[in-house]
2 protein chains.
Amino acid sequence: MSDLWTVDPREALRAGEEFDLDSLDRASTPGFTGDKAAAETLTAERGKLLSELQERLFANGRAGGKRNVLVIIQGLDTAGKGGIVRHVMGMVDPQGVALRSFGVPTAEERSHHYLWRIKKALPKPGLIGVFDRSQYEDVLVVRVDNLVDQDVWEPRFAEINRWERTLVNGGTTVLKFALMPSYDEQARRLMERIDRPDKRWKYSTGDLGTRSKWDQFQEAYADVFRRTSTEHAPWYVLPADRKWYPRLAITEILTRALIEMELKWPRVRWSPDVQRRRLAKTMSPELYAESVAETAGIVQKSIDASMDVSLEAAELRDAHADDATRESAIAAIESRRAELEADLATTLEDKQALLEEMAPDLAAATAATIPASADAIAVDEKVKDKAAKKSKTKDDSKKTKKKGKKDKK
Amino acid sequence: MSDLWTVDPREALRAGEEFDLDSLDRASTPGFTGDKAAAETLTAERGKLLSELQERLFANGRAGGKRNVLVIIQGLDTAGKGGIVRHVMGMVDPQGVALRSFGVPTAEERSHHYLWRIKKALPKPGLIGVFDRSQYEDVLVVRVDNLVDQDVWEPRFAEINRWERTLVNGGTTVLKFALMPSYDEQARRLMERIDRPDKRWKYSTGDLGTRSKWDQFQEAYADVFRRTSTEHAPWYVLPADRKWYPRLAITEILTRALIEMELKWPRVRWSPDVQRRRLAKTMSPELYAESVAETAGIVQKSIDASMDVSLEAAELRDAHADDATRESAIAAIESRRAELEADLATTLEDKQALLEEMAPDLAAATAATIPASADAIAVDEKVKDKAAKKSKTKDDSKKTKKKGKKDKK
């Protein structure tokens with residue numbers, strides 16, 4: 001499916017030094033050869049991966065990791081900013097997203113430096129922050145509407161670049177998206193808001209005033225791209241006449257950015273065996289025996305699901321890489337799988353040993369019914385070899401396995 | 001599908017004066033006769049309706065309406081609070097949800113009244129606020145852990161009731177949900193967090209300390225239900241051993257609460273014809289003619305979708321009502337449909353008239369291709385009659401029509 005991208009969307013959409021906004025075809029779909037239906041299927045598919053990776057980011061934040069993501073969405077009225085929030089960010093656990101929308105500054109906000117309200121809204125570690133409009137309004141509408149003089153807004157380009165540099169240095173991945181529909185498409189969308197009784201609340205009589213300054217806004221946007229599309233925080237400029245294209249492209253770029261972060265489940269500082277023994281003391285022997293019997297199934301399934309996510313991520317990242325790169329990525333994942341399966345073998349041994357202490361009669365019955373546990377080999381190296389072998393034989397079936405989390409009941 | 005609810009879940013789950021927490025079967029599914037698969041299907045179906053109604057709430061907030069919703073979610077570790085946020089609130093546009101999670105108070109929060117941080121986090125008009133834990137921690141963990149004396153926490157019940165009363169008077173619908181799994185189920189879930197490397201980050205070594213006070217917490221919860229389940233802000237107590245049940249029940253109750261609010265698309269203060277004329281001046285005659293030709297299709301589809309939502313809502317609300325109530329609800333919706341279709345007829349006339357001024361040659365061509373527009377009758381009463389008739393013949397096909405919004409391209 002991702003073969004429908006002939007180029008990595010980050011390359012296709014990034015505003016480089018040569019970028020010319022005037023020549024951007026607003027109905028085009030750079031890098032993508034599929035149609036609307038294909039795009040929607042791919043967006044949903046990628047959304048699942050995005051959601052899994054977001055959970056890892058969140059987990060790392062909880063465990064003290066400093067990294068997070070800041071998604072900036074810019075565009076004029078009707079450009080589709082709300083649709084991105086709804087359809088892209090809506091695919092992710094709301095607990096992992098910090099959404100902030102910047103309107104006309106309040107009196108308090110105006111009394112501070114223009115970055116004051118922006119800094120206050122930065123996402124916490126582990127979160128994906130989403131800005132619907134941003135500091136860029138202070139070099140866009142502020143410039144076009146002459147709210148301050150040029151000698152005030154002009155230095156902001158450099159100031160914003162420096163400030164974003166400190167953000168990136170602090171562990172934030174900054175992704176800046178500009179939604180650019182055509183002048184005609186904006187008219188169609190405004191007309192729809194006027195004509196449809198269920199959309200009229202979205203229309204403001206001020207929208208036509210902004211539309212009348214279309215050329216000035218395009219010029220201001222062109223300057224933004226020219227002067228603030230940096231190595232550390234590039235602009236992705238999205239033709240937005242077809243709503244499905246920016247949704248797909250932003251989902252893709254955000255997913256790929258999370259892949260680059262190489263997020264792993266955080267390690268914990270406590271001993272599973274110690275905690276398990278404390279917990280088991282609060283359980284009846286029967287309940288604990290039931291838990292022992294279920295362990296292999298539950299944990300193996302979670303390992304498989306987690307490795308499926310890692311493999312899917314690596315596949316996407318290395319789609320155009322050479323064989324050696326791809327093989328080494330897969331080897332790293334398989335080695336991680338072996339580690340997790342060795343952890344599972346230890347878990348099974350520990351749980352079985354504890355059951356033998358708690359209720360020897362139940363332990364005998366349980367041991368007979370769990371092959372994985374019965375097979376568990378005490379010598380570490382052997383366990384790892386076994387797990388590695390096991391994981392290899394599983395490779396073929398991986399693709400067809402159902403992903404995602406299941407309820408226990 | 002909703003026939004699987006034998007009782008309105010609000011009745012089945014509401015903690016009344018007779019409520020006895022000790023006798024609550026934590027694996028039961030009060031009022032619902034379906035299984036997990038049926039529950040998941042129904043949750044998703046209801047989620048679509050919820051999402052549509054939420055947009056109306058949001059629109060009303062934007063138009064100056066004061067109403068909003070506050071969802072309070074309480075429960076001990078592993079009760080499933082995060083799952084509710086992810087799976088229920090995740091079905092709604094993130095822009096319409098204000099999520100706030102209350103942990104151990106910060107030093108600043110502790111220096112204020114316990115309601116200070118709660119009040120600061122209240123949702124703005126038009127939003128659904130979601131509190132993951134809440135002011136109730138101040139009569140739960142604070143009580144069980146003896147963080148303050150009884151003469152301090154005891155008066156809080158009455159204080160919270162009074163405060164919630166002012167919230168409700170101000171236009172907030174307050175829904176309080178308590179997720180109550182069994183002691184054994186908590187052990188299973190904690191064990192899974194210890195055993196699964198991808199879940200360990202969710203486990204805290206303090207969780208077992210809280211578990212050791214299970215009985216005190218149950219007692220404290222029982223008092224919360226007894227003393228703060230009021231007419232204006234009732235508690236819904238959810239057996240939570242089956243994760244799918246609280247997800248379904250909360251989706252249902254939230255949806256039904258939004259239905260009770262009888263949300264309509266807000267009316268606007270500007271004249272569509274005036275705005276349309278201003279907008280048309282920025283369009284080429286060809287583009288405007290194209291817009292005229294598309295109008296009937298686009299707007300009629302949106303009217304049908306909107307009325308489908310209203311009908312689905314009325315059906316759910318009146319499932320157990322008498323025939324007269326049901327008929328009068330449907331009549332109200334049909335009258336609203338007639339109003340909207342009269343609005344459409346006016347729109348078509350206005351647009352066609354404007355096209356005739358702008359480009360008479362194009363107007364002739366367009367008029368020939370749009371039956372609805374060509375049929376439009378100038379006399380107001382006749383337009384309404386026609387719209388009403390039209391809507392009646394459409395009734396039968398309504399149920400099978402595809403709902404939801406489509407991209408234009």
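Letters A, B, ... mirror the listed sequences (proteins, then strands); counts begin at 1. FYI, side chains are in, hydrogens and waters are out, and symmetry mates aren't considered; it's all heavy atoms of this structure. Since the model is a prediction, treat every value here as computed from it, not as a measurement.
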* A:Gln95 side-chain N/O to B:Val85 backbone N/O, donor-acceptor pair under 3.5 Å -> no

When heavy-atom pairs shorter than 4.5 Å are enumerated against chain A, which of [options] gives the highest number?
{"options": "B:Gln275, B:Met89, B:Arg278", "value": "B:Gln275"}
{"options": "B:Ser302, B:Ser306, B:Gly96", "value": "B:Ser302"}
{"options": "B:Val130, B:Thr205, B:Val268", "value": "B:Thr205"}
{"options": "B:Val299, B:Val274, B:Thr295, B:Leu208", "value": "B:Leu208"}
{"options": "B:Asp184, B:Leu190, B:Thr282", "value": "B:Thr282"}

For [X], is it the side chain, the backbone, both or neither that has a heavy atom under 4.5 Å from a heavy atom of chain B?
{"X": "A:Lys351", "result": "side chain"}
{"X": "A:Thr347", "result": "side chain"}
{"X": "A:Ser291", "result": "side chain"}
{"X": "A:Arg200", "result": "both"}
{"X": "A:Tyr183", "result": "side chain"}
{"X": "A:Asp273", "result": "neither"}
{"X": "A:Ile194", "result": "both"}
{"X": "A:Leu279", "result": "both"}
{"X": "A:Ala63", "result": "neither"}

In terms of heavy-atom proximity below 4.5 Å to chain A, should [X] be classed as side chain, backbone, both, or neither?
{"X": "B:Arg62", "value": "side chain"}
{"X": "B:Asp350", "value": "neither"}
{"X": "B:Val97", "value": "neither"}

* A:Lys48 atom NZ: more than 12 heavy-atom contacts under 6.0 Å -> no

Report the option among [options] that has the most heavy-atom pairs separated by less than 4.5 Å from atoms of chain B.
{"options": "A:Ser212, A:Gly83, A:Ala59, A:Ala187", "answer": "A:Ala59"}
{"options": "A:Asp207, A:Leu287, A:Asn60", "answer": "A:Leu287"}
{"options": "A:Glu290, A:Met283, A:Arg211", "answer": "A:Arg211"}

* Is it true that A:Arg56 and B:Asp198 have a side-chain N and a carboxylate O under 4.0 angstrom from each other? -> no

* First locate atom CD of B:Glu294, then atom CG of A:Asp195, and finally report the distance between them rounded to the nearest 0.5 Å. => 10.5 Å

* State the CZ-NZ distance between A:Arg196 and B:Lys301, to the nearest 0.5 angstrom. =>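 The CZ atom of A:Arg196 sits 8.5 Å away from the NZ atom of B:Lys301.
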
* Name the orientation class of the two ring planes belonging to B:Trp201 and A:Phe58 (parallel below 30°, tilted from 30 to 60°, perpendicular beyond 60°). => perpendicular

* Asked: Would you say the side chains of A:Arg86 and B:Ser51 form a donor-acceptor pair under 3.5 Å?
  ->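 Distance-only check passes for A:Arg86 and B:Ser51.
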
* Structure fact -> All heavy atoms of A:Trp270 vs all of B:Arg193, minimum pair found to be CH2-O, 4.4 Å

